[in-house]
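Working notes, beginning with the structure itself.
Note that the coordinates shown come from a computational prediction; the quantities given were computed from them, not determined experimentally.
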Amino acid sequence: ELDLNTKTLTCNDEVYHIFDVNKTNNPPSIDLFFSKMLFDEGKISFTEFVTMVKDTKKYTNVHRIVTSDGIVKWAKLVIDLEYSLKGAPLFARGTIQDITEQVRMNQELEESNRKLKLKSKLLEELSMSDGLTKIPNRRYFDEAYEREFKNMQRTSRPLTIMIADVDYF
């Protein structure tokens, strides 16, 4: 919880753990935690952050945190603001969750999917051509013929097929 008037921050031990900050040597400070967070590849000030949160009333985003060892962590930040009767923000209350492992798993999954798509494309290309000559094979012809036949029906244009038989190749 952050008192926006006094900038007094109250947080639990998990926040210190996520940010890799020694609780004994560092009293809770918004500037301390903000100094470790990256916002869109850069850092923003506390004032800029409060303005951003005020515009949305509820703030939910994922940010990168750089630890003192240079390790990058991913954290999901969810903040709700409490307002005075006059509409001024009084408190920011929120949660922060370390989602580094989830992000890494998603990145690995995306990379695996990318590799799988490349291999699938290669297999499809191999299945459509002759292994020796690398020219399109009968399977390719069947698919191309079906595609062109449907196109001919749709457009009412003629379809011409030429077949060449090469003996003693």
Side-chain angles (χ1 to χ4, degrees), residues 11-23 30-46 48-80 92 94-169:
C11 58
N12 64 17
D13 292 343
E14 185 62 19
V15 175
Y16 283 95
H17 176 72
I18 291 172
F19 282 90
D20 189 37
V21 173
N22 183 326
K23 182 180 180 179
I30 195 68
D31 294 329
L32 171 68
F33 296 122
F34 264 63
S35 70
K36 294 183 169 274
M37 292 178 74
L38 297 176
F39 295 86
D40 298 321
E41 302 302 320
K43 297 194 182 296
I44 67 170
S45 71
F46 171 73
E48 291 170 316
F49 180 75
V50 169
T51 301
M52 184 171 58
V53 172
K54 278 193 317 193
D55 292 342
T56 62
K57 307 253 186 242
K58 180 172 184 169
Y59 179 82
T60 302
N61 213 335
V62 173
H63 297 287
R64 289 183 302 147
I65 296 169
V66 181
T67 66
S68 50
D69 298 338
I71 296 170
V72 176
K73 291 182 174 182
W74 293 84
K76 181 177 181 181
L77 186 60
V78 178
I79 296 175
D80 283 311
T95 60
I96 188 160
Q97 179 183 13
D98 186 345
I99 60 168
T100 304
E101 194 57 36
Q102 291 170 309
V103 169
R104 286 194 181 126
M105 286 173 53
N106 285 342
Q107 289 171 339
E108 288 173 11
L109 184 60
E110 286 173 9
E111 180 62 18
S112 294
N113 283 339
R114 187 188 67 77
K115 287 179 181 179
L116 187 59
K117 285 179 183 176
L118 286 174
K119 288 179 181 181
S120 178
K121 184 178 178 184
L122 177 62
L123 282 173
E124 184 179 343
E125 289 171 5
L126 289 172
S127 74
M128 296 289 184
S129 64
D130 179 76
L132 179 63
T133 63
K134 305 295 184 221
I135 61 174
N137 63 13
R138 175 63 186 256
R139 179 179 284 131
Y140 179 86
F141 170 77
D142 290 343
E143 287 188 13
Y145 175 75
E146 185 178 335
R147 185 176 53 248
E148 292 305 319
F149 187 79
K150 287 178 182 176
N151 187 39
M152 176 203 64
Q153 289 177 320
R154 206 173 37 254
T155 61
S156 299
R157 297 180 73 194
L159 175 65
T160 304
I161 297 174
M162 185 176 100
I163 297 175
D165 185 13
V166 181
D167 289 332
Y168 307 108
F169 176 68

Exercise. Between Met37 and Leu77, which heavy-atom pair has the shortest distance, and what is it?
Worked result: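 Closest approach of Met37 to Leu77: CE-CD2, 3.8 Å.
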
Point to revise | For Ile79 against Ala92, the heavy-atom pair lying closest together | key: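 That closest heavy-atom pairing would be CG2-CB, 3.8 Å.
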
Nearest-0.5 Å distance, [atom1] of residue [X] to [atom2] of residue [Y]:
X      : Y      : atom1 : atom2 : result
His63  : Ile96  : NE2   : CD1   : 8.0 Å
Ile65  : Thr100 : CD1   : OG1   : 7.5 Å
Ile163 : Ile161 : CD1   : CD1   : 6.5 Å
Gln107 : Glu110 : CD    : CD    : 7.0 Å
Leu126 : Leu122 : CG    : CG    : 4.5 Å

Please confirm whether the backbone N or O of Leu116 pairs with a side-chain atom of Asn113, one donor and one acceptor, at under 3.5 Å?
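Pair absent, no side-chain N/O of Asn113 close to backbone of Leu116.
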
Query raised in the report: Got a sec, which pairs hit side-chain hydrogen bond (donor to acceptor under 3.5 Å, both in side chains) with one end in residues 153-163, sequence neighbours left out?
Result: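 Pairs touching residues 153-163 that pass the test: Asn151-Arg154.
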
Would you list the pairs meeting side-chain hydrogen bond (donor to acceptor under 3.5 Å, both in side chains) in which at least one residue belongs to residues 114-129, sequence neighbours left out?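 Checked against side-chain hydrogen bond (donor to acceptor under 3.5 Å, both in side chains) - neighbours excluded - the pairs reaching residues 114-129 are Glu111-Arg114.
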
So, using side-chain hydrogen bond (donor to acceptor under 3.5 Å, both in side chains) as the criterion, who are the partners of [X] when residues are at least two apart?
X      : value
Asp13  : Lys23
Lys76  : none
Asn137 : none

N/O donor-acceptor pairs under 3.5 Å from side chains in residues 140-150, not counting sequence neighbours:
unit_1 : atom_1 : unit_2 : atom_2 : d
Asp142 : OD1    : Arg138 : NE     : 3.0
Glu146 : OE2    : Lys150 : NZ     : 3.3

State, without any angle test, whether Thr67 and Asp69 hold a side-chain donor-acceptor pair at a distance under 3.5 Å.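 Looking only at side-chain atoms, Asp69 and Thr67 do not form any donor-acceptor pair under 3.5 Å.
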
- Message: Counting neighbours of CE on Met105 that are heavy atoms of other residues, nucleotides or ligands and sit closer than 6.0 Å, is the number greater than 12?
- Response: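 Atom CE in Met105 is not crowded, with 12 or fewer foreign heavy atoms closer than 6.0 Å.
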
Item checked: Lys73 and Phe19, any side-chain heavy atoms less than 4.5 Å apart ->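 No, every pair of side-chain atoms sits at 4.5 Å or beyond.
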
Note, Val78 side chain near Thr60 side chain (heavy atom, < 4.5 Å) =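 Val78 vs Thr60: side chains touch.
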
